[in-house]
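Notes follow the structure.
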Amino acid sequence: MPFSEEVNEYINAAPVKYRIILSELRNLIHEAVDGTDEVIKEGFPVFTKNRDFSYIRLHKHHVTLGFYNFTNITEQTEKLKGSDETKRHVKLKKVEDIDHELFSRWLKQVAE
């Protein structure tokens, strides 16, 4: 798991309640998709494997887990929010909002 120092800084700068969510999501992404790299793009962490497939982003009142290539997701897409042509996201306010099994499947699908 190659963790980037820039992403470490992004997560460590977050308020504690969101730092836990960001760290958990980061670990989940790396566990779900072998060979994942991470970089800061447009001011937030983006995860890549041959192409960008996911991102995490801190907002004032929540954390977003985003998915590029969202059309590859085949289940429970009603949980995905957004209107961008290429990406969708879920909003997380507490660590218990993380659905490890579902998000892991989604991550594998968008990384294909």
- Rounded to the nearest 0.5 Å, how far does NZ of K94 lie from CD1 of I98? 11.0 Å
- Between K93 and H61, is there a donor-acceptor pair closer than 3.5 Å when you use the side chain of the first and the backbone of the second? no
- Item | Other residues, nucleotides, ligands: >12 heavy atoms within 6.0 Å of E101 CD | no
- Query: From N50 CG over to E112 CD, what is the distance, rounded to the nearest 0.5 angstrom?
  - Reply: 12.0 Å
- So W106 and V90, side chain to side chain contact (heavy atoms under 4.5 Å, CB included) or not? Walk me through it. CA-CA 11 Å; W106 286 357; V90 291; 3.8 Å; yes
- Specify the closest pair of heavy atoms between T48 and F53, including all atoms of both residues, with the distance to one decimal. C-CE2, 3.7 Å
- Pairs meeting criterion salt bridge (charged side-chain N to carboxylate O under 4.0 Å, His left out) with involvement of residues 71-87, two or more places apart: E75-R105
- Look up atom CD1 in I20 and atom CG in L25, then write down how far apart they are to the nearest 0.5 Å. 12.0 Å
- Go through the structure and list residues passing salt bridge (charged side-chain N to carboxylate O under 4.0 Å, His left out) with K17, not counting sequence neighbours. none
- Query: Does the ring centre of H89 sit less than 6.0 Å away from the ring centre of Y55?
  - Reply: no
- Query: Is there a donor-acceptor contact under 3.5 Å from the side chain of R57 to the main chain of T64?
  - Reply: no
- Taking it one step at a time, do K60 and Y18 satisfy side chain to side chain contact (heavy atoms under 4.5 Å, CB included)? CA-CA 10 Å; K60 189 172 183 176; Y18 296 126; over 6 Å; no
- Query: Is a side-chain N or O of N27 found less than 3.5 angstrom from the main chain of E24, in a donor-acceptor match?
  - Reply: no
- Task: Grab the two heavy atoms, one from P45 and one from I40, that are nearest each other, plus how far apart they are.
- Result: N-CD1, 3.8 Å
- Task: Would you mind reporting whether I29 and F103 have side-chain heavy atoms less than 4.5 Å apart?
- Result: no
- Could you walk me through whether R26 and F3 pass the side chain to side chain contact (heavy atoms under 4.5 Å, CB included) test, one step at a time? CA-CA 9 Å; R26 180 192 206 183; F3 282 0; 3.3 Å; yes
- Item | No-hydrogen, no-angle side-chain donor-acceptor test under 3.5 Å, T74 and Q109 | yes
- What residues form a salt bridge (charged side-chain N to carboxylate O under 4.0 Å, His left out) with D99, not counting sequence neighbours? none
- Query: Out of curiosity, T36 OG1 to K49 NZ, how far, rounded to the nearest 0.5 Å?
  - Reply: 6.5 Å
- Message: To the nearest 0.5 Å, what is the distance between CD on E5 and CD on E38?
- Response: 10.0 Å
- Between CD1 on residue I73 and CG on residue L80, distance to nearest 0.5 Å: 4.5 Å
- Closest contact, heavy atoms only, V95 versus I21: N-CG1, 3.7 Å
- Closest approach of D52 and N69, non-hydrogen atoms and distance? O-ND2, 3.4 Å
- Note on the structure: Here the pair of heavy atoms bringing S54 nearest to G66 is OG-O, 2.8 Å
- Task: Carefully, step by step, assess N72 and F67 under the rule side chain to side chain contact (heavy atoms under 4.5 Å, CB included).
- Result: CA-CA 10 Å; N72 290 354; F67 302 91; over 6 Å; no
